[in-house]
Amino acid sequence: MGKRDNRVAYINPIAAARARGPANNAGPTIQDYLSRPRPTWEELKEQLEKKKKGSRALADFEDKMNVKWKKELAKNREKLLAGIEKEKDKKTTDKEKEEKKEKREKKKKEKKKSNRHSPSSSSSSSSDSPSSFSTETEDADEKKSVKKKRKRKKSSTRRASDSSEGESDAESKKKKKRIKQEGDKDKDDKSRKRKRKAERSYKDSSSESSAESEGEEVAEAKKKKRSSEEKEKITDKSKKKRKKKHKKHGKRKKRKAASQSDSELDQQPHRHGSLILPTVHK
């Protein structure tokens with residue numbers, strides 16, 4: 001039985017593609033792209049002129065719109081300026097009216113003063129114009145009567161207010177005195193109560209402090225006793241331990257001394273008469 005043949009035939013891909021030939025429906029080639037139809041110089045000039053015409057039309061449209069906007073802005077400006085002028089005219093007319101009123105009032109005041117201070121002139125003028133003088137005198141009399149009534153009312157109100165204020169001041173002073181007296185009494189009572197409370201608290205605190213001091217002294221004495229007892233116990237224990245150690249140490253010393261003496265005796269030679277017998281270790 002021989003081995004199976006697993007070899008596969010190798011095909012060069014480039015050689016296989018050449019053998020197949022050109023691929024169908026592969027799209028335009030480079031030559032097709034280079035040989036594409038192109039416009040001539042005259043056709044290109046025509047296209048540029050068309051673009052320029054389009055831009056000119058847009059510029060014309062923008063110019064027309066700008067003209068319209070300018071007209072509208074001019075109208076709005078005229079309206080605003082007219083409104084401002086009207087406001088100015090109103091202000092001037094108001095000022096003129098106020099000035100005229102002030103002048104009239106000044107003239108009236110001057111006439112009244114002249115009528116008061118010049119009776120001769122008023123008599124002469126009355127001979128000339130009795131009707132006007134009579135009306136003026138009536139008006140002046142009415143005004144004087146009104147002023148007198150007002151003064152009387154003011155004086156009466158002032159007197160009443162002064163009298164009421166005096167009465168109210170007296171009553172307020174009495175009330176203040178009463179309030180002060182009551183306040184002083186309350187303060188005295190409060191101060192007495194505070195002193196009593198302070199004395200009581202001082203007595204209580206002194207008794208409590210004495211009791212606390214006695215309790216603290218008793219507690220300190222107990223603590224001292226406990227500490228002394230504990231110290232005595234500790235010293236007794238330490239003494240006992242030291243005694244035990246000393247006993248053990250003495251026993252060890254005795255054992256060592258006995259063992260050393262035995263070893264020395266063993267090392268010395270035994271004399272039997274004049275002969276020296278060597279020691280035999282068992």
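Any value given below was found using the heavy atoms of this structure, including those in side chains, with hydrogens, waters and symmetry copies removed. No experiment lies behind these values; they were computed from the predicted model shown.
Distance check, rounded to the nearest 0.5 Å: CD of E46 to CD of E49 gives 7.0 Å. Rounding to the nearest 0.5 angstrom, the gap separating the CZ atom in R226 from the CD atom in E230 is 8.5 Å. Once rounded to the nearest 0.5 Å, the distance linking CD of E216 with NZ of K223 reads 9.0 Å. To the nearest 0.5 Å, the span separating CD1 on I234 from NZ on K239 amounts to 13.0 Å. Interatomic distance, K224 NZ to K231 NZ, rounded to the nearest 0.5 Å: 11.0 Å. Annotation: the span from D63 atom CG to K68 atom NZ amounts to 12.5 Å, rounded to 0.5 Å.
Summarising the geometry of K154 relative to T157, their closest heavy-atom pair is O-OG1, 2.6 Å, with the distance given to 0.1 Å. Scanning both residues, W41 and K45, for their nearest heavy atoms gives NE1-CE, 2.7 Å.
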Side-chain donor-acceptor contacts of residues 175-193 below 3.5 Å, not counting sequence neighbours, with atom names and distances?
| unit_1 | atom_1 | unit_2 | atom_2 | d |
| --- | --- | --- | --- | --- |
| S191 | OG | K187 | O | 3.2 |
| S191 | OG | D188 | O | 2.6 |

Would you be so kind as to tabulate the donor-acceptor pairs closer than 3.5 Å made by side chains of residues 93-109, with sequence neighbours excluded?
| unit_1 | atom_1 | unit_2 | atom_2 | d |
| --- | --- | --- | --- | --- |
| T93 | OG1 | D89 | O | 3.0 |
| T93 | OG1 | K90 | O | 2.5 |

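No more than 12 heavy atoms of other residues, nucleotides or ligands lie within 6.0 Å of CD1 in I14, so this atom counts as exposed by the packing criterion. Heavy-atom neighbours of L81 CG from other residues, nucleotides or ligands within 6.0 Å: above the threshold of 12. For I11, the CD1 atom counts as loosely surrounded, since its 6.0 Å shell holds 12 or fewer non-hydrogen atoms of other residues, nucleotides or ligands.
Here the side chains of V146 and K149 are not in contact, with every heavy-atom distance at 4.5 Å or above.
Scored by the side chain to side chain contact (heavy atoms under 4.5 Å, CB included) test, R255 finds no partners at all (sequence neighbours excluded). Legend: residues meeting salt bridge (charged side-chain N to carboxylate O under 4.0 Å, His left out) with R20, ordered by chain and number and at least two apart, are absent.
Every pair tested for side chain to side chain donor-acceptor pair (under 3.5 Å) that includes a residue from residues 70-86 fails, sequence neighbours excluded, so the list is empty.
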Walk me through whether K148 and R150 qualify under side-chain contact (heavy atoms from CB on, under 4.5 Å). CA-CA 5 Å; K148 285 179 180 179; R150 285 179 184 174; over 6 Å; no
Does the side-chain contact (heavy atoms from CB on, under 4.5 Å) test come out yes or no for V67 and K64, once each step is laid out? CA-CA 5 Å; V67 171; K64 287 178 183 178; 5.7 Å; no
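Because its NZ or CZ atom is not both nearer than 6.0 Å to the ring centre of Y202 and within 45° of the ring axis, R200 does not count as a cation-pi partner of that residue.
Side-chain contacts under 4.5 Å among hydrophobic residues (ILVMFWY), followed directly or transitively, place W69 together with F61, M65.
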